[in-house]
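Notes follow the structure.
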Amino acid sequence: MMKENIFLIGFMGAGKSSVARALVEQLHCPLVEMDEQIVKEQGMSINEIFEKYGEDRFREIESQLILALGSRQASVISCGGGVVVRPENTEYMKKSGRIVYLQASPQTVYDRVKNSNDRPILKGHMNVEYIAQLMEKRRALYEAAAELTVVTDGKSTKEIAGEIIGRLEENNEVQL
């Protein structure tokens, strides 16, 4: 049983969505895929929101959703990769849950996202070097927000979920 939300943060391709599904399977709680929820509520893809309204508007929509999630039943929440660029998002998440940073190497991220067309931040820059630069720009934000950090390279989603649950159980934050 979960006492509060679990927010999964990290760069795109770090495994947030896959790990969220594995956590939900083990914890028997609701799942929120932030990007999917935004697409549903806005009636357009993330790419379309970026193209039509820009990144600032997308980040505002993201902030509104995080604020709304704080009043829901404890859930596993897979956040968008850039959620930490707004300090208020980190503040909202810390008030309503635990923040888990899923960390992956630039090569792992590239291998996981290289065939995707749904990554507006990487548009025209789908390579390991660019990914590494962008990850480095966000690394301090992820680290400052995170209460737990789990490296995902070379691990199955089930192993990662088990590690997260184990570490949260140690702190009496979840009970199975």
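The side-chain heavy atoms of Pro106 and Phe11, taken from C-beta on, include no pair separated by under 4.5 Å. You'll find the side chain of Cys79 reaches within 4.5 Å of the side chain of Met93, heavy atoms only.
Side-chain contact check for Glu60 and Gln64: at least one donor-acceptor pair (N or O, by modelled atom type) lies under 3.5 Å.
Salt-bridge formation is not detected for the pair Glu25/Arg21: no Lys NZ or Arg NE/NH1/NH2 atom is positioned less than 4.0 Å from an Asp or Glu carboxylate oxygen. A salt bridge does not link Arg86 to Glu62: none of the charged nitrogens lies less than 4.0 Å from a carboxylate oxygen.
Asn89 places no side-chain N or O within 3.5 Å of a backbone atom of Val84 that could act as its donor or acceptor partner. In terms of modelled atom types and a separation under 3.5 Å, the side chain of Lys16 and the main chain of Gly10 share a donor-acceptor contact. Arg167 contributes a side-chain N or O that, together with a main-chain N or O of Thr149, makes up a donor-acceptor pair within less than 3.5 Å. Looking only at distances, a side-chain donor or acceptor of Glu147 sits under 3.5 Å from a matching main-chain atom of Ile99.
If you take OG on Ser78 and CD on Glu33, they are separated by 4.0 Å, rounding to the nearest 0.5 Å. Considering CG of Leu168 and CG of Leu148, their distance stands at 5.0 Å, rounded to 0.5 Å.
Between Tyr101 and Tyr142, the ring planes are parallel. Angles under 30° get that label, and only those over 60° would be called perpendicular.
By the side-chain hydrogen bond (donor to acceptor under 3.5 Å, both in side chains) test, Glu136 is found to be paired with Arg139, residues two or more places apart in sequence or in another chain being considered. Here Tyr92 pairs with nothing under the ring-ring contact (aromatic ring centres under 6.0 Å, His included) rule; sequence neighbours left out.
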